[in-house]
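All values reported here derive from a predicted model rather than from experimental measurement. Heavy-atom basis, side chains included; hydrogens, waters and symmetry copies ignored. Residue indices begin at 1 and follow the sequence shown.
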Amino acid sequence: MSDHPHADDELSAFTMDILVYNEYSGESAEVKVPESVAKLSDEPYQELIYRGTFHDHPVTVKIWGVGATAAGQELLEMYESEKLALQTLEDLKVTPRILFDGYYLIPNVDRRAKVLITEWREGRTLRSCWRELSQHQRNLVRTDLLNFFHVSLKRGIYHDGLRHLESTLWDEQSMSLTIMDFERAKEWDNEDTTIEMNDVAVNETAIILEAAYSL
């Protein structure tokens, strides 16, 4: 079984093509996802994450069943947080690139769900592969984490969900780190001094690495 956090619903014989619509132009596109996407019809206020196929390429598909209820509003905030963070940090190359931003019409429910389709990033979670990494690779992880926190904090984004080591992927072939899952990322007051933000970046990196070394 894959230890990729977005691969729990790997494409199988039970797939379906769904239409998603561009948030701005309304133009439609087709994406292939597991049939379990139909769960939104039974329980619309939830987040679904799949590995899918878009324009013949593997992708991550995230669907949020937003709405006027408290649960629906929370999911809308999660979608907006994810979208803003990926757009703001795209130039760092450590986050998945957004390929499609739009909505999905939930079957049998008069409601739209927000959809983000992002590039698929290969790798294993730090939790699953840390013990196998060489010291050189561990140093590269530390450097990437430090740089990520330095830049993201300056741009007003604080991702404190990396400590469980599940939202960070290490790809051995490219020797690169991927940071993802920004649904619950927080806003950061980037009026703080550079020294203060550097301290936070160093501290967050140290917490993550301490968790990794304790595995």
With rounding to the nearest 0.5 angstrom, report the [atom1] to [atom2] distance, [X] to [Y].
X	Y	atom1	atom2	result
Ser176	Asp144	OG	CG	7.5 Å
Leu92	Ser152	CG	OG	8.0 Å
Leu209	Arg138	CG	CZ	9.5 Å
Leu177	Gln137	CG	CD	11.5 Å
Leu116	Tyr79	CG	OH	5.5 Å
Arg121	Trp170	CZ	CH2	12.5 Å

Sidechain-backbone polar pair: [X] side chain, [Y] backbone, donor-acceptor under 3.5 Å:
X	Y	answer
His55	His57	no
Glu119	Pro96	no
Ser25	Asn22	no
Thr53	Asp56	no
His159	Met180	yes
Gln73	Gly67	yes
Thr88	Leu84	yes
Glu183	Met78	no

Is any side-chain heavy atom of [Y] closer than 4.5 Å to one of [X]?
X	Y	value
Glu77	Glu82	no
Glu204	Leu162	no
Ile208	Thr168	no
Arg163	Leu165	no
Pro34	Thr15	no

- Arg112/Glu23 salt bridge by N-O under 4.0 Å criterion: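 No, this pair does not count.
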
- Over 60° means perpendicular and under 30° means parallel, so classify the ring planes of Tyr21 and Tyr103, tilted if in between.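 Parallel.
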
- Can a donor-acceptor pair be found between the side chains of Tyr45 and Arg111 at a distance below 3.5 Å?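 Their side chains do contain a donor-acceptor pair, which is all the 3.5 Å distance test asks for.
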
- Query: Trp120 and Glu122: side-chain donor and acceptor closer than 3.5 Å?
  - Reply: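 Yes.
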
- Item | Residues, nucleotides or ligands: over 12 heavy atoms within 6.0 Å of Arg155 CZ |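 Atom CZ in Arg155 is crowded, with more than 12 foreign heavy atoms closer than 6.0 Å.
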
ILVMFWY network linking [X] to [Y], side-chain heavy atoms under 4.5 angstrom:
X	Y	answer
Met175	Trp130	yes
Tyr104	Leu99	yes
Ile117	Leu86	no

- Query: Which is it for Glu187 and Ile157 under the side-chain contact (heavy atoms from CB on, under 4.5 Å) test, yes or no, and what are the steps along the way?
  - Reply: CA-CA 5 Å; Glu187 292 184 8; Ile157 295 171; over 6 Å; no

- Which one of Lys83, Lys114, Lys62 satisfies the salt bridge (Lys or Arg N to Asp or Glu O under 4.0 Å) criterion with Asp101?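 Single salt bridge (Lys or Arg N to Asp or Glu O under 4.0 Å) partner of Asp101 among Lys83, Lys114, Lys62: Lys83.
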
